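Input: a single structure, listed below in structure tokens.
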Amino acid sequence: MATGSATHPALLGVRTTATHCPYCSLQCGMEIAPGQDGAPEITPLDFPSNRGGLCRKGYTAASLLGHPERLRTPLVRDATGKLGPAGWDDALDRIAEGIADCQAEHGREAVGVFGGGGLTNEKAYQLGKFARVALRTPSIDYNGRFCMSSAATAANKALGIDRGLPFPLSDVGDADAVLLAGSNIAETMPPAVSRLDDLVAGGGALIVAAPRVTETARLATVHLQLTPGTDLVLANGLLHVAIREGLVDEDYVAQRTTGFERVRRRLGSYWPDRVERITGVPVSELRRAAALLAEAESAMVLTGRGPEQQHQGTDTVLAFINLALALGLPGRPRSGWGCLTGQGNGQGGREHGQKADQLPGYRRITDPADRAHVAGVWGVDPDDLPGEGRSAWEMLEAMGAPGGVRALLVMGSNPVVSAPNAGVVEERLRALDLLVVADVFLSDTAKLADVVLPTTQWAEETGTMTNVEGRVVLRRAAMAPEEGVRSDLEILSGLAERLGCGERFAPEPEAVFAELGRASAGGRADYAGMTYERIAAHDGLFWPCPDEAHPGTPRLFADGFATDDGRARFHPVSHRPPAEPTDEEFPLLLTTGRVALQYQSGTQTLRVQELCEEGDAEAFVELHPALARRHAISEGSCVWLRSRRGTAAGRARLTPDIGLDMVFMPFHWGGDGRANLLTNPVLDPASGMPGFKLCAARIERVEDAAPRREEPVT
Ligand code: SF4
């Protein structure tokens, strides 16, 4: 897909700037400086999250600047159905008219907003405010619902607050034992592996729970290679062993938690032999892992998308939190439970109002006091704020239906590739009365839009991101924006002006951040004491940070949990069978995930020539050689994966590192290579998270298969 990089003359103004990577939640520190030809070059910085490391994505991110496929003018679809260049005023007028027409005919909720976990805090905040104040619609959610919501829901239930890691990453390297469940950080955030190296070098134990032999699993002291979808059983099994072998920290449980007895009773049926039968993890390894965790002086339980992206994701994370609480870990030095966020601002993106049920600072949109506080900052009547809207998938699924969205503004997201059951999402997006997409490149979703707005890139704009640790970092602009593009904040300001409330939407990031601080003041994610200057001076600040004299809060829970009584809550949870069992027609378990050289829906990284030349430029499917033999599939041949929802194409990669009845397909590619054409949109009932990680599928050699149903994306 990559068509090469080019240095645009406008980039010659690049200046030496300390900033952060455009991609994942590690938010590695990097310096952008002019190279010999004036084009930007990237070198790593010794920032606390990356300690001088970058992955290949970070090193090559400058290729995105001045890229020949960069959008540089708005595009508007004409009466013949073609997208063509337009002026900014024409494009924004067309959107404002479309919004007004749609709301007049179908009501305010018929206009929706779909945001992203890669947007800066300022943009996420402003997008939420734009939906509630300018559009007065409850219809807003974002793609972070697809990756973080189960962990967030579980953390809120058990600990009273959701901050991915309640401690700095440095604590991971200092721990004596770490259980990493369903996270492949050796591929997704390689610089963080140095923390695991520290752990092992210090004599600590790394326990990895993962269905495949991933790069991270290869580093493990113990690899618990479980059957996909059985993470909850594994966690309950570990706790069962801990209880039976007297490894529970009874003093901690008595003094700092409630509800353990109900969990103890529930776990009676998770005896090791049964756990082995369900998970495939041998009893001996289960016992060894439980002992390593429980007998370590300090230990951590960390979860990733594996346990979370399931129809029982919240319960699965709660099972791991139960384990951590029973061992007395949260709030103890170099110990605890944490969740490893994925997207660049996966943490901040969910704190400041993009979620259908949230207002800034983790306030709840259904809470009268929370509504009054935020309405006061916004200068509106609390009664004018809409209520709770639908979660991301529910909003996408209801597009065009009675009461559903008929016009959608998409910012920082590519749901045609990243949403589950993507074929249906594509169909419904095509049928909208108005689809507006703001993006840097013509993503698969932007190709369907009625209006496409070209936006600034990370190195052209300043804003804050909240990284995997809960550390708020300042991503500074290193150059002026290319001619013809506007920042998302400028776009929202321009639209708000046309909707009659422009004075409430500042386009300058620092002004928006100051307002965000006021809106979050007193909330759980309190940014009130942060300024750009303070963030820069301290290598980032951890929330909560309620006033300008406050140093920030790197570690939570030392003195109590964020619950009414200060105690953490145990929750008894039980395994439920897969939402979609395998059968004769679909006999394989399909699981999805990421690879080292691509990021999210590939809109950016698939355009970086260096990354595509190194590999993974096109969709692939991993399968065991024995399974391949059964279907006469050879390495590199084209295969089709089919599920009950659709068909996706990819090249076969044969590996013994995967189970015999399993296939793995990463989700980075568009068109026919979309893994999400296959995935099951069944939702976790508590979080609204779709079950991306597991569905039933079958594999076919291309020459054996019947013609495909889907049309290519145009
Ligand atoms: Fe760091 Fe993540 Fe960027 Fe790689 S993609 S350089 S790990 S922030």
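Side chains included, hydrogens not; waters and symmetry mates left out as well; all remaining heavy atoms used. In this text the structure is predicted, and so the values were computed from the model without any measurement.
Using modelled atom types, one finds a donor on one side chain and an acceptor on the other under 3.5 Å when comparing S25 with T341. Between E109 and S139, the side chains place no donor N or O within less than 3.5 Å of an acceptor N or O (distance only, hydrogens not considered). In this structure, a donor-acceptor pair under 3.5 Å is absent between the side chains of S643 and N680. Between D444 and N414, the side chains place no donor N or O within less than 3.5 Å of an acceptor N or O (distance only, hydrogens not considered). One side chain, T216 or N184, offers a donor N or O that lies under 3.5 Å from an acceptor on the other. For the 3.5 Å distance criterion, the side chains of N143 and Q343 qualify, holding a donor opposite an acceptor.
Not a single salt bridge (charged side-chain N to carboxylate O under 4.0 Å, His left out) links R132 to another residue, sequence neighbours left out. Taking the side chain to side chain contact (heavy atoms under 4.5 Å, CB included) definition, one finds that R108 meets it with Q103, R136, sequence neighbours left out.
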Which pairs of donor and acceptor atoms, one on a side chain in residues 160-169, lie under 3.5 Å apart (sequence neighbours left out)?
unit_1 : atom_1 : unit_2 : atom_2 : d
D162   : OD1    : R350   : NH2    : 2.7
D162   : OD2    : R350   : NE     : 2.7
D162   : OD2    : R350   : NH2    : 3.3
D162   : OD2    : Y362   : OH     : 2.1
R163   : NE     : L165   : O      : 3.1
R163   : NE     : E469   : O      : 3.3
R163   : NH1    : W543   : O      : 2.6
R163   : NH1    : T553   : O      : 2.7
R163   : NH2    : L165   : O      : 3.4
R163   : NH2    : E469   : O      : 3.4
R163   : NH2    : P554   : O      : 2.6

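Proximity of Y532 to P509: side-chain heavy atoms (C-beta onward) are separated by under 4.5 Å at one or more points. When side chains are defined from C-beta on, Q27 counts as touching R475, because their heavy atoms get closer than 4.5 Å.
Partner E351 forms a side-chain hydrogen bond (donor to acceptor under 3.5 Å, both in side chains) with one of Q347, Q354, K355 and no other, that one being Q347. No option in V436, L429, T445, V111 other than L429 meets the side chain to side chain contact (heavy atoms under 4.5 Å, CB included) test with L408.
By the 30° and 60° cut-offs, the orientation of the rings of Y23 relative to Y599 is tilted. Aromatic ring orientation, Y527 versus H352: perpendicular (interplanar angle above 60°, classes split at 30° and 60°).
With respect to E308 and R305, a salt bridge is recorded, a charged nitrogen being found less than 4.0 Å from a carboxylate O. Between D231 and K693 there is no salt bridge, since no side-chain nitrogen of the basic residue lies less than 4.0 Å from a carboxylate oxygen of the acidic one.
Going from atom CD1 of I140 over to atom CZ of F130 covers 10.0 Å, rounded to the nearest 0.5 Å.
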